[in-house]
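Structure first, then comments.
No experiment lies behind these values; they were computed from the predicted model shown. Atom set for the values below is all heavy atoms of this structure, side chains included, hydrogens, waters and symmetry mates excluded.
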Amino acid sequence: LIGLTLSHTRAHIYRALMEAICYGTRACMEAIFESTSTTTTTTDDDTTTTTNTMGEVKEIILAGGIARSPLWLQMHADITGMPIVLTHQAQDAPLL
């Protein structure tokens, strides 16, 4: 941890860990989108079109213990820039 001082508490370290996981989620999503995208360049008017072969992702669906923390959900939404949708049951994760 960079910048860690004696004034930092366990809560600061835990928050940094949560943020790191959210940024890791975003990095994984960006890598998936990049690897499944195809770029078409038209020379007539120099336009570039990028399409994602996965289709358009509009939301993140979460299930399990993560769904119990409003802070965790909000951090994921803020960092990924996508709305978070929760399943009805915490045990729905295997069905996704």
Side-chain angles (χ1 to χ4, degrees):
L1 295 170
I2 297 172
L4 188 64
T5 65
L6 294 175
S7 66
H8 290 95
T9 65
R10 291 180 186 179
H12 292 106
I13 295 170
Y14 186 70
R15 172 74 182 238
L17 176 64
M18 291 174 70
E19 289 177 0
I21 292 170
C22 291
Y23 279 107
T25 300
R26 187 177 85 180
C28 289
M29 290 173 57
E30 289 172 352
I32 290 169
F33 294 152
E34 185 177 311
S35 69
T36 59
S37 296
T38 56
T39 303
T40 306
T41 304
T42 307
T43 56
D44 295 341
D45 54 358
D46 293 330
T47 60
T48 302
T49 305
T50 302
T51 57
N52 192 325
T53 56
M54 282 181 45
E56 187 175 346
V57 178
K58 296 180 182 178
E59 61 193 13
I60 298 173
I61 302 172
L62 295 177
I66 191 174
R68 287 187 246 151
S69 171
L71 173 63
W72 190 252
L73 299 174
Q74 188 61 54
M75 287 173 72
H76 268 87
D78 292 343
I79 292 173
T80 62
M82 295 189 154
I84 304 297
V85 176
L86 303 177
T87 60
H88 295 288
Q89 300 277 335
Q91 296 80 14
D92 286 346
L95 301 176
L96 299 175

Could you pull out every donor-acceptor pair under 3.5 Å between side chains of residues 77-86 and any protein atom, sequence neighbours left out?
| from | atom 1 | to | atom 2 | distance (Å) |
| --- | --- | --- | --- | --- |
| D78 | OD1 | Q74 | NE2 | 2.8 |
| T80 | OG1 | H76 | O | 2.6 |
| T80 | OG1 | M82 | N | 3.4 |

(message) Is there a path of hydrophobic side-chain contacts, each under 4.5 Å between heavy atoms, that joins L71 and I60?
(response) yes

(message) Under the rule for salt bridge (charged side-chain N to carboxylate O under 4.0 Å, His left out), what residues qualify as partners of E30, not counting sequence neighbours?
(response) R26

(request) Indicate, with yes or no, if M75 and L17 share a hydrophobic cluster defined by side-chain heavy-atom contacts under 4.5 Å among Ile, Leu, Val, Met, Phe, Trp and Tyr. (result) yes

(request) Any chance you could lay out the side chain to side chain contact (heavy atoms under 4.5 Å, CB included) test for W72 and L62, step after step, and finish with the verdict? (result) CA-CA 11 Å; W72 190 252; L62 295 177; 5.5 Å; no

